[in-house]
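Chain letters run A, B, ... following the sequence lines, proteins first, then strands; residues in each count from 1. Predicted, not measured: the structure shown is a model, and the values here were computed from it. Only this structure's heavy atoms are used, side chains among them; waters, hydrogens and symmetry mates stay out.
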2 protein chains.
Amino acid sequence: METTGFERHDHGACIREGVSAVDDRCRAQGLQFTPVRRRVLELLLEGHRALGAYDILDRLREEGLGSQPPVAYRALDFLVKHGFAHKIERLNAFVACACPGESHMPAFLICRNCDKVAEAEADMRDGRLAESAAGVGFRIERAVVEAEGLCPNCQGAAA
Amino acid sequence: METTGFERHDHGACIREGVSAVDDRCRAQGLQFTPVRRRVLELLLEGHRALGAYDILDRLREEGLGSQPPVAYRALDFLVKHGFAHKIERLNAFVACACPGESHMPAFLICRNCDKVAEAEADMRDGRLAESAAGVGFRIERAVVEAEGLCPNCQGAAA
DNA sequence: TGATAGCGGACATACTATAACATATCAAGG
DNA sequence: CCTTGATATGTTATAGTATGTCCGCTATCA
Ligand SMILES: [Zn+2]
Ligand SMILES: [Zn+2]
Ligand SMILES: [Zn+2]
Ligand SMILES: [Zn+2]
């Protein structure tokens, strides 16, 4: 089970495991993992990339699973709400969660060259930011952390 | 010169100093601090809040300074490009920079109750995230760090 | 059987951002 | 003076992202 998606790996297993983990969690929590929601998750898992809502919608349309924006947004909202996917604010796009179900404060590493996105842990309740925040009396509840740069593969190519 | 805008302070001075600091820097760097750009900066400085491009545009329109989206976006682009303002990705909105001219990797503390935004330092090249990134060979160039929570004033009120 | 709740279909609309082209302004050089 | 190039602004249109609302279906449960 790789963490980043930058390395070569058995991506078929990646998808299968991702879907089945969410399937399990939905069953456990009594959530409805409907066909549209499952398909959207599969699409997000297809590459370790962020997909826009309308990219998703196009695919759904091709497959006869829905043709109007709310269909895609509702599925995405469901996935995000339950921690099965995340929104990348910088890209107005969405990625599958790398460790669905585990509650976490995710951070993202976004390659500006190949657009791959990796998920890292960045609990903002420690570290320098937390100190600054505490210093002015601000209580952090959630945090968006999105780092942009070059992934290991693209540093050599330097395109 | 307060750092956060959460505390009571002489906000008139806040605006004057903000504008004049940018004025100086523009002069020093040969940048044109035109009426529209100045006015947009003033609007951003009015509250320690993020303003949407169309909020800005409405104000500009009222004042006869421009009526079409590109006018606002171009002024905002100028301010952001030269570090006089920042975009808050989570809000699709913009804030004046708290320390214009100094190059920095800003982080933001966004109050979910009163919508005030404070700027903090969070250089992502140290800390835990940098370690994770280094661990997978990812080179961080820029980072969006936007923390959401309650500012000191709103923690009491707890609305 | 009827009430309730959740999901999805469909239409319309709002909000955010940019492309593309035209015009204005000003400074440098012929 | 006139041209030219650079920068900023004006204007129209369009692209891209996200939500509101209403309706019908189905499953569940009293
Ligand atoms: Zn994979
Ligand atoms: Zn890459
Ligand atoms: Zn102030
Ligand atoms: Zn507040």
Just jot down the side chain to side chain contact (heavy atoms under 4.5 Å, CB included) partners of B:Pro35, sequence neighbours excluded, or say none.
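Checked B:Pro35 against side chain to side chain contact (heavy atoms under 4.5 Å, CB included); zero matches.
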
Return a single string for nucleotides 18-30 of chain D, one symbol per nucleotide in 5' to 3' order, where B is base contact, S is sugar-phosphate-only contact and - is none, cutoff 4.0 angstrom on heavy atoms.
BBBB---------

Starting at [atom1] of [X] and ending at [atom2] of [N], how long is that distance when rounded to a whole Å?
X	N	atom1	atom2	result
B:Leu51	C:dC15	CG	P	15 Å
A:Ile88	D:dT17	CD1	C1'	16 Å
B:Gln68	D:dA13	CD	P	10 Å
A:Asp58	D:dA15	CG	P	14 Å
A:Leu79	C:dC7	CG	P	12 Å
B:Asp55	C:dC15	CG	P	10 Å
A:Leu76	D:dT17	CG	P	12 Å
B:Leu91	C:dA17	CG	P	11 Å

A:Leu91 vs A:Asp115, test: side-chain contact (heavy atoms from CB on, under 4.5 Å). Steps then yes/no.
CA-CA 10 Å; A:Leu91 305 176; A:Asp115 294 324; over 6 Å; no

Below 4.0 angstrom from OP1 or OP2 of D:dG10, is there any side-chain N or O of B:Ser67?
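For D:dG10, neither OP1 nor OP2 has a side-chain N or O of B:Ser67 closer than 4.0 Å.
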
Electrostatic pair B:Arg59-B:Glu46, nearest N-O below 4.0 angstrom:
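The answer is yes: the pair qualifies as a salt bridge.
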
Would you say CZ of A:Arg39 has more than 12 non-hydrogen atoms from neighbouring residues, nucleotides or ligands within 6.0 angstrom?
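Yes.
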
Of B:Gln32 and B:Gly64, the one whose closest DNA chain D nucleotide lies more 5'
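It is B:Gln32 whose nearest nucleotide is closer to the 5' end.
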
Describe, in one word, how the ring planes of B:His82 and B:Phe84 are oriented to each other, choosing from parallel (under 30°), tilted (30 to 60°) and perpendicular (over 60°).
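The rings of B:His82 and B:Phe84 lie parallel, inter-plane angle below 30°.
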
With a non-hydrogen cut-off below 4.0 angstrom, is A:Leu65 in contact with a base, only sugar-phosphate, or nothing?
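The residue A:Leu65 makes sugar-phosphate contact but no base contact.
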
What distance do B:Phe94 atom CZ and B:Leu41 atom CG have between them, rounded to the nearest 0.5 Å?
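Interatomic distance, B:Phe94 CZ to B:Leu41 CG, rounded to 0.5 Å: 13.5 Å.
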
ILVMFWY cluster, A:Leu45 and A:Val95 together (side-chain gap under 4.5 Å)
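No, because A:Leu45 and A:Val95 fall into different hydrophobic clusters, even though each may have its own neighbours under 4.5 Å.
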
